[in-house]
Amino acid sequence: MTATEPQVLIVGAGPAGLAAAVTAAHHGAQVLVVDEQARPGGQIWRRPDPGAGGPDPLAGPAYAAGRALLARAAAHPRITFAHDTTAWGVFGTSTTPDGFAAPPGTLVPDGPRVAVHGPDGVHILLPRALLLTAGAYDLPVPVPGWTLPGFFTVGGIQALLKGHRTLAGRRIVLAGAHPLLLIAAAQLVRAGADVAEVAFAQGLPAPTELTRALAALPGNRAKVAEGLAAVRTLRQAGVPIRTHTLVLRAEGDEHVNAAVLARVDRNWRPVPGTERTIACDTVGTGYGFVPSTELARQAGCAATWNGSAGGWVLVHDHAMRTTLPHIWAAGELTGIAGAEHAVAAGKRAALDICRSLGILDTADHDRELPAVERELAATTRMARLLEHTCTPDRAALNALAEDDTLLCRCEEVTYRKIRHTLRDNPGLGTADAVKLLTRAGMGPCQGRMCAPALVELLHQETRIPRETLGPFTARPPIKPLPLAALADAHDATTHTPPAPADTETPR
(Lines give C-alpha, C1' and ligand atoms only; values in the text may rest on other atoms or scores of the structure.)
Protein backbone atom coordinates (compact mmCIF):
# COMPACT_ATOMS: atom_id res chain seq x y z
CA MET A 1 0.00 0.00 0.00
CA THR A 2 1.26 3.47 -0.80
CA ALA A 3 -1.12 5.54 1.35
CA THR A 4 -3.71 5.18 4.06
CA GLU A 5 -5.86 7.65 2.13
CA PRO A 6 -6.09 6.34 -1.44
CA GLN A 7 -8.24 8.26 -3.89
CA VAL A 8 -9.96 5.06 -4.99
CA LEU A 9 -9.97 1.84 -3.00
CA ILE A 10 -11.17 -1.28 -4.80
CA VAL A 11 -11.94 -4.45 -2.86
CA GLY A 12 -11.49 -7.42 -5.17
CA ALA A 13 -9.09 -8.08 -8.05
CA GLY A 14 -11.42 -10.06 -10.28
CA PRO A 15 -12.88 -8.89 -13.62
CA ALA A 16 -14.89 -5.97 -12.19
CA GLY A 17 -12.12 -4.74 -9.92
CA LEU A 18 -9.42 -4.95 -12.57
CA ALA A 19 -11.54 -3.20 -15.21
CA ALA A 20 -12.43 -0.45 -12.76
CA ALA A 21 -8.81 -0.02 -11.67
CA VAL A 22 -7.53 0.30 -15.24
CA THR A 23 -10.31 2.72 -16.19
CA ALA A 24 -9.89 4.92 -13.12
CA ALA A 25 -6.09 4.94 -13.37
CA HIS A 26 -6.30 5.80 -17.08
CA HIS A 27 -8.16 8.97 -16.12
CA GLY A 28 -5.60 9.93 -13.48
CA ALA A 29 -6.86 8.38 -10.26
CA GLN A 30 -4.51 6.78 -7.77
CA VAL A 31 -5.95 3.32 -7.17
CA LEU A 32 -5.33 0.77 -4.44
CA VAL A 33 -6.68 -2.74 -5.06
CA VAL A 34 -7.06 -5.00 -2.02
CA ASP A 35 -7.45 -8.72 -2.63
CA GLU A 36 -7.25 -11.87 -0.53
CA GLN A 37 -5.36 -13.86 -3.14
CA ALA A 38 -1.61 -13.82 -3.77
CA ARG A 39 -2.16 -12.74 -7.40
CA PRO A 40 -4.91 -10.79 -9.17
CA GLY A 41 -7.52 -12.38 -11.39
CA GLY A 42 -10.31 -13.51 -9.10
CA GLN A 43 -11.80 -16.97 -9.50
CA ILE A 44 -12.33 -16.94 -13.26
CA TRP A 45 -8.85 -15.59 -14.06
CA ARG A 46 -7.13 -17.36 -11.19
CA ARG A 47 -3.47 -17.65 -12.06
CA PRO A 48 -1.25 -20.67 -11.49
CA ASP A 49 1.25 -20.77 -8.67
CA PRO A 50 4.73 -19.73 -9.84
CA GLY A 51 6.60 -22.78 -11.04
CA ALA A 52 3.52 -25.02 -11.15
CA GLY A 53 3.87 -27.71 -13.78
CA GLY A 54 1.40 -28.83 -16.40
CA PRO A 55 -0.68 -26.87 -18.92
CA ASP A 56 -1.88 -23.40 -17.98
CA PRO A 57 -5.72 -23.41 -17.84
CA LEU A 58 -5.69 -19.70 -18.76
CA ALA A 59 -3.69 -20.22 -21.95
CA GLY A 60 -6.69 -20.75 -24.23
CA PRO A 61 -8.42 -18.13 -26.39
CA ALA A 62 -11.37 -17.86 -23.97
CA TYR A 63 -9.11 -16.10 -21.46
CA ALA A 64 -7.38 -13.70 -23.87
CA ALA A 65 -9.34 -10.69 -22.63
CA GLY A 66 -8.52 -11.58 -19.03
CA ARG A 67 -4.81 -11.94 -19.74
CA ALA A 68 -4.78 -8.55 -21.48
CA LEU A 69 -6.59 -6.84 -18.61
CA LEU A 70 -4.27 -8.41 -16.04
CA ALA A 71 -1.24 -7.18 -17.98
CA ARG A 72 -2.59 -3.63 -18.22
CA ALA A 73 -3.38 -3.49 -14.52
CA ALA A 74 0.01 -4.89 -13.50
CA ALA A 75 1.88 -2.39 -15.65
CA HIS A 76 -0.04 0.76 -14.73
CA PRO A 77 1.95 3.10 -12.45
CA ARG A 78 -1.17 4.49 -10.74
CA ILE A 79 -2.41 1.06 -9.61
CA THR A 80 -1.07 -0.58 -6.46
CA PHE A 81 -2.05 -4.08 -5.38
CA ALA A 82 -2.24 -5.19 -1.76
CA HIS A 83 -2.29 -8.97 -2.11
CA ASP A 84 -2.99 -11.50 0.66
CA THR A 85 -5.06 -8.75 2.27
CA THR A 86 -8.62 -9.02 3.55
CA ALA A 87 -11.02 -6.11 3.88
CA TRP A 88 -12.88 -7.16 7.03
CA GLY A 89 -14.93 -4.13 8.00
CA VAL A 90 -16.28 -0.82 6.72
CA PHE A 91 -16.91 1.80 9.38
CA GLY A 92 -17.98 5.39 9.65
CA THR A 93 -21.12 4.83 7.59
CA SER A 94 -23.53 4.54 10.52
CA THR A 95 -24.03 5.66 14.09
CA THR A 96 -22.32 2.67 15.68
CA PRO A 97 -20.14 4.09 18.50
CA ASP A 98 -17.09 1.89 18.07
CA GLY A 99 -13.40 2.64 17.76
CA PHE A 100 -13.49 2.64 13.97
CA ALA A 101 -16.76 4.49 13.32
CA ALA A 102 -17.58 8.14 13.04
CA PRO A 103 -19.01 9.90 16.11
CA PRO A 104 -22.60 8.80 16.85
CA GLY A 105 -25.16 10.44 14.61
CA THR A 106 -22.75 11.49 11.88
CA LEU A 107 -21.43 10.28 8.56
CA VAL A 108 -17.80 10.52 7.52
CA PRO A 109 -17.92 13.45 5.08
CA ASP A 110 -15.07 12.36 2.84
CA GLY A 111 -15.52 8.62 2.73
CA PRO A 112 -15.75 5.50 4.88
CA ARG A 113 -13.05 3.86 6.97
CA VAL A 114 -12.05 0.45 5.67
CA ALA A 115 -10.30 -2.01 7.97
CA VAL A 116 -7.94 -4.42 6.22
CA HIS A 117 -5.68 -7.19 7.44
CA GLY A 118 -2.62 -8.25 5.50
CA PRO A 119 0.91 -9.55 5.99
CA ASP A 120 1.76 -6.54 8.16
CA GLY A 121 -1.33 -6.64 10.36
CA VAL A 122 -4.38 -4.39 10.53
CA HIS A 123 -4.59 -1.01 8.84
CA ILE A 124 -7.37 1.52 8.45
CA LEU A 125 -7.76 3.03 4.99
CA LEU A 126 -9.58 6.29 4.35
CA PRO A 127 -10.46 6.30 0.64
CA ARG A 128 -12.34 9.12 -1.03
CA ALA A 129 -14.22 6.49 -3.04
CA LEU A 130 -14.77 2.82 -2.23
CA LEU A 131 -15.67 0.29 -4.92
CA LEU A 132 -16.73 -3.17 -3.75
CA THR A 133 -16.21 -5.98 -6.26
CA ALA A 134 -16.02 -9.02 -3.99
CA GLY A 135 -17.55 -11.38 -6.56
CA ALA A 136 -19.46 -14.52 -5.66
CA TYR A 137 -19.05 -18.11 -4.52
CA ASP A 138 -20.66 -21.39 -5.54
CA LEU A 139 -24.15 -22.05 -4.21
CA PRO A 140 -23.70 -24.79 -1.58
CA VAL A 141 -26.33 -27.55 -1.83
CA PRO A 142 -26.38 -29.97 1.13
CA VAL A 143 -27.10 -33.56 0.15
CA PRO A 144 -26.28 -36.78 1.97
CA GLY A 145 -22.53 -37.26 1.76
CA TRP A 146 -21.67 -33.66 0.92
CA THR A 147 -19.23 -33.43 3.85
CA LEU A 148 -17.16 -36.40 2.65
CA PRO A 149 -13.65 -35.67 1.39
CA GLY A 150 -13.90 -35.67 -2.39
CA PHE A 151 -17.16 -33.68 -2.52
CA PHE A 152 -16.55 -30.22 -4.00
CA THR A 153 -18.30 -27.38 -5.68
CA VAL A 154 -17.23 -26.99 -9.28
CA GLY A 155 -15.54 -23.70 -8.34
CA GLY A 156 -13.39 -25.52 -5.81
CA ILE A 157 -12.35 -28.05 -8.44
CA GLN A 158 -11.47 -25.20 -10.80
CA ALA A 159 -9.51 -23.37 -8.11
CA LEU A 160 -7.28 -26.41 -7.61
CA LEU A 161 -6.80 -26.82 -11.33
CA LYS A 162 -6.21 -23.17 -12.21
CA GLY A 163 -4.30 -22.09 -9.15
CA HIS A 164 -2.26 -25.21 -8.45
CA ARG A 165 -2.63 -27.29 -11.64
CA THR A 166 -3.88 -30.06 -9.40
CA LEU A 167 -6.70 -32.47 -10.17
CA ALA A 168 -9.28 -32.78 -7.41
CA GLY A 169 -9.56 -36.47 -8.26
CA ARG A 170 -9.00 -39.01 -11.00
CA ARG A 171 -12.61 -39.98 -11.80
CA ILE A 172 -15.04 -37.10 -11.46
CA VAL A 173 -18.81 -36.63 -11.69
CA LEU A 174 -20.08 -33.10 -12.24
CA ALA A 175 -23.73 -32.24 -11.64
CA GLY A 176 -25.81 -29.10 -11.39
CA ALA A 177 -27.55 -26.54 -13.55
CA HIS A 178 -24.97 -24.00 -14.69
CA PRO A 179 -23.00 -23.95 -17.98
CA LEU A 180 -19.78 -23.67 -15.94
CA LEU A 181 -20.06 -27.45 -15.59
CA LEU A 182 -19.20 -27.79 -19.28
CA ILE A 183 -16.25 -25.40 -19.09
CA ALA A 184 -14.84 -27.08 -15.99
CA ALA A 185 -15.37 -30.57 -17.42
CA ALA A 186 -13.49 -29.66 -20.60
CA GLN A 187 -10.62 -28.18 -18.57
CA LEU A 188 -10.45 -31.37 -16.50
CA VAL A 189 -10.39 -33.56 -19.60
CA ARG A 190 -7.55 -31.51 -21.09
CA ALA A 191 -5.66 -31.86 -17.80
CA GLY A 192 -5.96 -35.65 -17.91
CA ALA A 193 -8.91 -36.35 -15.61
CA ASP A 194 -11.52 -39.03 -16.27
CA VAL A 195 -14.84 -37.17 -16.24
CA ALA A 196 -17.38 -39.92 -15.76
CA GLU A 197 -20.45 -37.78 -16.46
CA VAL A 198 -21.79 -34.24 -16.63
CA ALA A 199 -25.39 -34.08 -15.40
CA PHE A 200 -27.79 -31.17 -15.77
CA ALA A 201 -30.99 -30.94 -13.78
CA GLN A 202 -32.84 -29.05 -16.48
CA GLY A 203 -33.83 -30.37 -19.90
CA LEU A 204 -32.86 -29.32 -23.39
CA PRO A 205 -33.90 -25.79 -24.42
CA ALA A 206 -37.40 -25.36 -25.79
CA PRO A 207 -37.88 -23.53 -29.14
CA THR A 208 -38.81 -20.32 -27.31
CA GLU A 209 -35.59 -20.56 -25.30
CA LEU A 210 -33.57 -21.01 -28.49
CA THR A 211 -35.14 -17.83 -29.85
CA ARG A 212 -34.17 -16.03 -26.66
CA ALA A 213 -30.65 -17.39 -27.03
CA LEU A 214 -30.35 -16.03 -30.57
CA ALA A 215 -31.38 -12.60 -29.30
CA ALA A 216 -28.57 -12.74 -26.74
CA LEU A 217 -25.86 -13.58 -29.30
CA PRO A 218 -24.85 -10.04 -30.33
CA GLY A 219 -21.90 -9.00 -28.19
CA ASN A 220 -21.59 -12.45 -26.61
CA ARG A 221 -20.27 -14.64 -29.42
CA ALA A 222 -17.00 -15.36 -27.63
CA LYS A 223 -18.87 -16.71 -24.61
CA VAL A 224 -21.05 -18.92 -26.79
CA ALA A 225 -17.99 -20.14 -28.71
CA GLU A 226 -16.33 -21.09 -25.41
CA GLY A 227 -19.32 -23.23 -24.48
CA LEU A 228 -19.46 -24.92 -27.88
CA ALA A 229 -15.74 -25.65 -27.74
CA ALA A 230 -16.20 -27.26 -24.33
CA VAL A 231 -19.01 -29.48 -25.63
CA ARG A 232 -16.83 -30.51 -28.58
CA THR A 233 -13.98 -31.45 -26.23
CA LEU A 234 -16.30 -33.56 -24.07
CA ARG A 235 -17.82 -35.35 -27.05
CA GLN A 236 -14.40 -36.16 -28.46
CA ALA A 237 -13.43 -37.60 -25.05
CA GLY A 238 -16.63 -39.66 -24.88
CA VAL A 239 -17.94 -37.89 -21.77
CA PRO A 240 -21.71 -38.39 -21.40
CA ILE A 241 -23.71 -35.18 -20.95
CA ARG A 242 -27.13 -35.93 -19.50
CA THR A 243 -30.15 -33.72 -18.87
CA HIS A 244 -33.01 -34.10 -16.38
CA THR A 245 -30.51 -35.66 -13.97
CA LEU A 246 -29.58 -34.82 -10.37
CA VAL A 247 -26.96 -36.18 -7.99
CA LEU A 248 -28.96 -37.40 -5.00
CA ARG A 249 -26.07 -38.27 -2.69
CA ALA A 250 -22.45 -39.22 -2.45
CA GLU A 251 -21.41 -42.52 -0.90
CA GLY A 252 -18.28 -43.62 0.89
CA ASP A 253 -16.87 -44.29 4.35
CA GLU A 254 -13.94 -41.90 4.69
CA HIS A 255 -13.92 -40.56 1.13
CA VAL A 256 -16.28 -40.37 -1.82
CA ASN A 257 -16.29 -43.63 -3.74
CA ALA A 258 -19.57 -43.29 -5.64
CA ALA A 259 -22.27 -40.86 -6.71
CA VAL A 260 -25.94 -41.78 -6.86
CA LEU A 261 -27.85 -40.00 -9.61
CA ALA A 262 -31.44 -40.19 -10.77
CA ARG A 263 -33.58 -38.87 -13.56
CA VAL A 264 -35.83 -35.98 -12.51
CA ASP A 265 -39.03 -34.52 -13.90
CA ARG A 266 -39.52 -30.94 -15.05
CA ASN A 267 -39.83 -29.86 -11.39
CA TRP A 268 -36.51 -31.50 -10.52
CA ARG A 269 -38.22 -34.24 -8.53
CA PRO A 270 -36.56 -37.68 -8.75
CA VAL A 271 -38.39 -40.23 -10.88
CA PRO A 272 -38.85 -43.46 -8.90
CA GLY A 273 -36.83 -46.39 -10.16
CA THR A 274 -34.26 -44.34 -12.07
CA GLU A 275 -31.48 -44.29 -9.48
CA ARG A 276 -28.05 -45.44 -10.64
CA THR A 277 -24.63 -45.47 -9.03
CA ILE A 278 -21.41 -44.28 -10.68
CA ALA A 279 -18.07 -45.22 -9.17
CA CYS A 280 -15.93 -42.11 -8.70
CA ASP A 281 -13.60 -40.46 -6.21
CA THR A 282 -14.83 -36.90 -6.72
CA VAL A 283 -18.20 -35.18 -7.04
CA GLY A 284 -18.50 -31.54 -8.08
CA THR A 285 -21.77 -29.58 -7.97
CA GLY A 286 -22.52 -26.37 -9.80
CA TYR A 287 -26.00 -24.93 -9.32
CA GLY A 288 -25.06 -21.28 -9.66
CA PHE A 289 -23.52 -18.64 -7.44
CA VAL A 290 -24.17 -16.52 -4.36
CA PRO A 291 -23.12 -12.83 -4.37
CA SER A 292 -20.53 -12.05 -1.68
CA THR A 293 -22.40 -9.10 -0.20
CA GLU A 294 -21.24 -9.53 3.40
CA LEU A 295 -18.84 -6.58 3.50
CA ALA A 296 -21.30 -4.27 1.76
CA ARG A 297 -24.16 -5.27 4.06
CA GLN A 298 -21.93 -4.86 7.10
CA ALA A 299 -21.22 -1.32 5.90
CA GLY A 300 -24.95 -0.65 5.71
CA CYS A 301 -25.54 -0.84 1.95
CA ALA A 302 -29.11 -1.88 1.20
CA ALA A 303 -29.66 -5.32 -0.34
CA THR A 304 -32.70 -6.97 -1.84
CA TRP A 305 -33.67 -10.58 -2.53
CA ASN A 306 -33.45 -11.72 -6.15
CA GLY A 307 -33.38 -15.50 -6.34
CA SER A 308 -32.70 -15.67 -10.08
CA ALA A 309 -29.70 -13.34 -9.66
CA GLY A 310 -28.16 -15.43 -6.88
CA GLY A 311 -29.98 -14.36 -3.71
CA TRP A 312 -29.24 -11.16 -1.81
CA VAL A 313 -27.93 -8.51 -4.22
CA LEU A 314 -26.97 -4.91 -3.59
CA VAL A 315 -29.33 -2.08 -4.44
CA HIS A 316 -27.62 0.29 -6.87
CA ASP A 317 -28.39 2.95 -9.45
CA HIS A 318 -27.47 3.13 -13.14
CA ALA A 319 -23.97 4.38 -12.26
CA MET A 320 -23.31 1.50 -9.81
CA ARG A 321 -23.69 3.73 -6.73
CA THR A 322 -24.98 1.93 -3.65
CA THR A 323 -27.36 3.44 -1.11
CA LEU A 324 -24.42 4.88 0.87
CA PRO A 325 -22.36 7.90 -0.15
CA HIS A 326 -18.82 7.24 -1.38
CA ILE A 327 -19.52 3.51 -1.94
CA TRP A 328 -20.01 1.88 -5.36
CA ALA A 329 -20.45 -1.79 -6.25
CA ALA A 330 -19.82 -3.73 -9.45
CA GLY A 331 -19.78 -7.32 -10.62
CA GLU A 332 -21.60 -10.20 -8.99
CA LEU A 333 -22.52 -8.19 -5.88
CA THR A 334 -25.26 -6.59 -7.95
CA GLY A 335 -26.47 -9.91 -9.37
CA ILE A 336 -24.80 -12.94 -10.96
CA ALA A 337 -24.11 -11.99 -14.57
CA GLY A 338 -20.69 -13.33 -15.58
CA ALA A 339 -17.20 -11.97 -16.12
CA GLU A 340 -17.99 -9.96 -19.23
CA HIS A 341 -20.78 -8.09 -17.50
CA ALA A 342 -18.56 -7.56 -14.46
CA VAL A 343 -15.91 -5.93 -16.67
CA ALA A 344 -18.47 -3.55 -18.16
CA ALA A 345 -19.93 -2.74 -14.73
CA GLY A 346 -16.45 -2.06 -13.37
CA LYS A 347 -15.80 0.42 -16.16
CA ARG A 348 -19.17 2.08 -15.54
CA ALA A 349 -18.49 2.46 -11.85
CA ALA A 350 -15.00 3.83 -12.48
CA LEU A 351 -16.31 6.50 -14.85
CA ASP A 352 -18.80 7.70 -12.25
CA ILE A 353 -16.20 7.60 -9.49
CA CYS A 354 -13.78 9.70 -11.53
CA ARG A 355 -16.48 12.22 -12.34
CA SER A 356 -17.58 12.35 -8.69
CA LEU A 357 -14.00 13.01 -7.58
CA GLY A 358 -13.54 15.74 -10.17
CA ILE A 359 -10.88 13.75 -12.02
CA LEU A 360 -13.02 13.35 -15.14
CA ASP A 361 -15.07 16.23 -16.49
CA THR A 362 -18.66 15.70 -17.57
CA ALA A 363 -17.94 16.07 -21.27
CA ASP A 364 -15.29 13.33 -21.29
CA HIS A 365 -17.50 11.15 -19.08
CA ASP A 366 -20.42 11.49 -21.46
CA ARG A 367 -18.19 10.80 -24.46
CA GLU A 368 -17.00 7.46 -23.04
CA LEU A 369 -20.29 6.38 -21.53
CA PRO A 370 -22.14 5.11 -24.67
CA ALA A 371 -19.54 2.41 -25.44
CA VAL A 372 -19.67 1.15 -21.85
CA GLU A 373 -23.45 1.22 -21.87
CA ARG A 374 -23.46 -0.92 -25.04
CA GLU A 375 -21.22 -3.45 -23.29
CA LEU A 376 -23.56 -3.51 -20.33
CA ALA A 377 -26.62 -3.98 -22.53
CA ALA A 378 -25.08 -6.87 -24.49
CA THR A 379 -23.81 -8.71 -21.42
CA THR A 380 -27.10 -8.11 -19.61
CA ARG A 381 -28.93 -9.96 -22.40
CA MET A 382 -26.72 -12.99 -21.82
CA ALA A 383 -27.17 -12.75 -18.07
CA ARG A 384 -30.95 -12.69 -18.44
CA LEU A 385 -30.79 -15.74 -20.68
CA LEU A 386 -28.81 -17.66 -18.08
CA GLU A 387 -31.21 -16.54 -15.36
CA HIS A 388 -34.11 -17.86 -17.41
CA THR A 389 -32.55 -21.23 -18.20
CA CYS A 390 -30.24 -21.95 -15.27
CA THR A 391 -31.86 -20.60 -12.10
CA PRO A 392 -31.78 -23.44 -9.56
CA ASP A 393 -35.02 -24.85 -8.17
CA ARG A 394 -34.24 -24.17 -4.53
CA ALA A 395 -37.25 -26.08 -3.23
CA ALA A 396 -36.29 -29.24 -5.12
CA LEU A 397 -32.68 -29.00 -3.97
CA ASN A 398 -33.80 -28.50 -0.37
CA ALA A 399 -35.82 -31.72 -0.63
CA LEU A 400 -32.66 -33.75 -1.36
CA ALA A 401 -31.38 -33.37 2.21
CA GLU A 402 -32.34 -35.93 4.83
CA ASP A 403 -32.98 -35.25 8.52
CA ASP A 404 -29.45 -36.26 9.53
CA THR A 405 -27.78 -34.30 6.71
CA LEU A 406 -25.54 -31.58 8.08
CA LEU A 407 -26.81 -28.15 7.13
CA CYS A 408 -24.16 -26.16 9.01
CA ARG A 409 -20.84 -27.94 8.65
CA CYS A 410 -18.94 -25.62 11.00
CA GLU A 411 -21.25 -26.14 13.97
CA GLU A 412 -22.51 -29.60 12.92
CA VAL A 413 -26.17 -28.59 12.89
CA THR A 414 -28.46 -31.03 11.08
CA TYR A 415 -31.70 -30.48 9.22
CA ARG A 416 -33.42 -32.38 12.03
CA LYS A 417 -32.21 -29.87 14.62
CA ILE A 418 -33.48 -26.93 12.58
CA ARG A 419 -36.88 -28.57 12.09
CA HIS A 420 -37.19 -29.44 15.78
CA THR A 421 -36.25 -25.87 16.71
CA LEU A 422 -38.93 -24.48 14.43
CA ARG A 423 -41.49 -26.91 15.86
CA ASP A 424 -40.61 -25.96 19.44
CA ASN A 425 -40.47 -22.23 18.69
CA PRO A 426 -43.27 -21.46 16.22
CA GLY A 427 -42.70 -17.71 16.46
CA LEU A 428 -39.29 -17.79 14.81
CA GLY A 429 -39.39 -15.71 11.66
CA THR A 430 -35.85 -14.74 10.70
CA ALA A 431 -32.60 -16.47 9.86
CA ASP A 432 -30.89 -14.58 12.69
CA ALA A 433 -33.41 -15.91 15.24
CA VAL A 434 -32.76 -19.49 14.18
CA LYS A 435 -29.02 -18.81 14.26
CA LEU A 436 -29.22 -17.69 17.90
CA LEU A 437 -31.01 -20.86 18.99
CA THR A 438 -29.14 -23.43 16.90
CA ARG A 439 -25.69 -21.88 16.27
CA ALA A 440 -26.13 -22.50 12.53
CA GLY A 441 -24.05 -19.82 10.85
CA MET A 442 -21.81 -19.09 13.85
CA GLY A 443 -18.78 -20.99 12.58
CA PRO A 444 -15.65 -19.75 10.79
CA CYS A 445 -17.41 -19.42 7.42
CA GLN A 446 -20.00 -17.13 9.09
CA GLY A 447 -22.87 -18.70 7.22
CA ARG A 448 -21.49 -18.71 3.71
CA MET A 449 -21.90 -22.47 3.44
CA CYS A 450 -25.21 -22.79 5.25
CA ALA A 451 -27.13 -19.51 4.90
CA PRO A 452 -28.67 -20.22 1.46
CA ALA A 453 -29.82 -23.68 2.53
CA LEU A 454 -31.05 -22.44 5.91
CA VAL A 455 -33.15 -19.66 4.39
CA GLU A 456 -34.65 -22.11 1.91
CA LEU A 457 -35.44 -24.63 4.66
CA LEU A 458 -37.08 -21.91 6.77
CA HIS A 459 -39.10 -20.76 3.78
CA GLN A 460 -40.29 -24.29 3.04
CA GLU A 461 -41.16 -25.01 6.68
CA THR A 462 -42.79 -21.67 7.58
CA ARG A 463 -43.89 -20.27 4.17
CA ILE A 464 -42.46 -16.93 5.28
CA PRO A 465 -41.07 -15.13 2.20
CA ARG A 466 -37.32 -15.39 1.76
CA GLU A 467 -36.99 -11.62 1.66
CA THR A 468 -38.64 -11.45 5.10
CA LEU A 469 -36.45 -14.18 6.59
CA GLY A 470 -33.46 -12.11 5.56
CA PRO A 471 -29.78 -13.04 5.42
CA PHE A 472 -27.73 -13.36 8.56
CA THR A 473 -26.68 -9.97 9.89
CA ALA A 474 -23.19 -9.25 8.60
CA ARG A 475 -20.86 -8.15 11.38
CA PRO A 476 -17.17 -7.33 11.46
CA PRO A 477 -14.89 -9.07 11.02
CA ILE A 478 -16.61 -10.53 7.99
CA LYS A 479 -13.73 -13.00 7.56
CA PRO A 480 -11.74 -14.76 10.32
CA LEU A 481 -8.90 -12.72 11.80
CA PRO A 482 -6.16 -13.61 14.29
CA LEU A 483 -7.08 -12.45 17.78
CA ALA A 484 -3.78 -10.60 17.99
CA ALA A 485 -4.78 -8.56 14.95
CA LEU A 486 -8.08 -7.61 16.55
CA ALA A 487 -6.34 -6.71 19.78
CA ASP A 488 -4.13 -4.25 17.90
CA ALA A 489 -6.86 -2.97 15.61
CA HIS A 490 -7.87 0.07 17.63
CA ASP A 491 -4.33 1.44 17.31
CA ALA A 492 -4.29 1.02 13.53
CA THR A 493 -5.79 4.32 12.39
CA THR A 494 -2.42 6.07 12.38
CA HIS A 495 -0.11 3.18 11.60
CA THR A 496 2.34 3.44 8.77
CA PRO A 497 0.96 1.32 5.92
CA PRO A 498 2.82 -1.75 4.70
CA ALA A 499 5.17 -1.61 1.77
CA PRO A 500 3.71 -2.18 -1.71
CA ALA A 501 3.20 -5.80 -2.67
CA ASP A 502 5.31 -7.04 -5.55
CA THR A 503 3.40 -6.66 -8.79
CA GLU A 504 4.17 -9.39 -11.22
CA THR A 505 3.39 -9.40 -14.92
CA PRO A 506 0.86 -12.11 -15.87
CA ARG A 507 2.37 -15.01 -17.71
Spell out, as yes or no, whether a donor-acceptor pair under 3.5 Å connects the side chain of [X] to the backbone of [Y].
X	Y	value
T153	G156	yes
T379	L376	yes
T391	E387	yes
R249	P144	no
D35	A13	yes
K435	M442	no
T233	V231	no
Q30	Q7	no
D281	R171	yes
E332	A337	yes

Of T322, D352, T334, D317, the residue whose pairing with W328 passes side-chain hydrogen bond (donor to acceptor under 3.5 Å, both in side chains):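 Between W328 and the candidates, side-chain hydrogen bond (donor to acceptor under 3.5 Å, both in side chains) is satisfied uniquely by D352.
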For a 4.5 angstrom cut-off between non-hydrogen side-chain atoms, does [X] reach [Y]?
X	Y	result
V224	M382	yes
E375	E340	no
Y63	L70	no
L188	L174	yes
I172	F152	no
Q298	F91	yes
L18	R72	no
I157	Q187	no

Is E412 atom CD crowded by more than 12 heavy atoms from other residues, nucleotides or ligands, each under 6.0 Å away?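 Not buried by this count: 12 neighbours or fewer within 6.0 Å.
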Nearest heavy atoms of [X] and [Y], plus distance in Å:
X	Y	value
A230	I183	CB-CD1, 4.0 Å
V33	A21	CG2-CB, 3.9 Å
P127	L9	CB-CB, 3.6 Å
C390	A177	CB-O, 3.4 Å

Classify the ring geometry between H83 and F81 as parallel (under 30°), tilted (30 to 60°) or perpendicular (over 60°).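 Ring orientation, 0 to 90° scale: parallel.
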Please state whether the rings of Y287 and W268 are parallel, tilted or perpendicular, taking 30° and 60° as the class boundaries.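 Y287 and W268: tilted rings.
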In I10, V116, L125, V114, the residue satisfying side-chain contact (heavy atoms from CB on, under 4.5 Å) with L32 is L125
Interatomic distance, S292 atom OG to R448 atom CZ [nearest 0.5 angstrom]: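 Reported value, rounded in 0.5 Å steps: 7.0 Å.
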Results of ring pair (Phe, Tyr, Trp, His ring centres under 6.0 Å) for W146 - residues two or more places apart only: none
Between Q43 and R46, do the side chains contain a donor N or O and an acceptor N or O under 3.5 Å apart?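 Result is yes, a qualifying pair exists.
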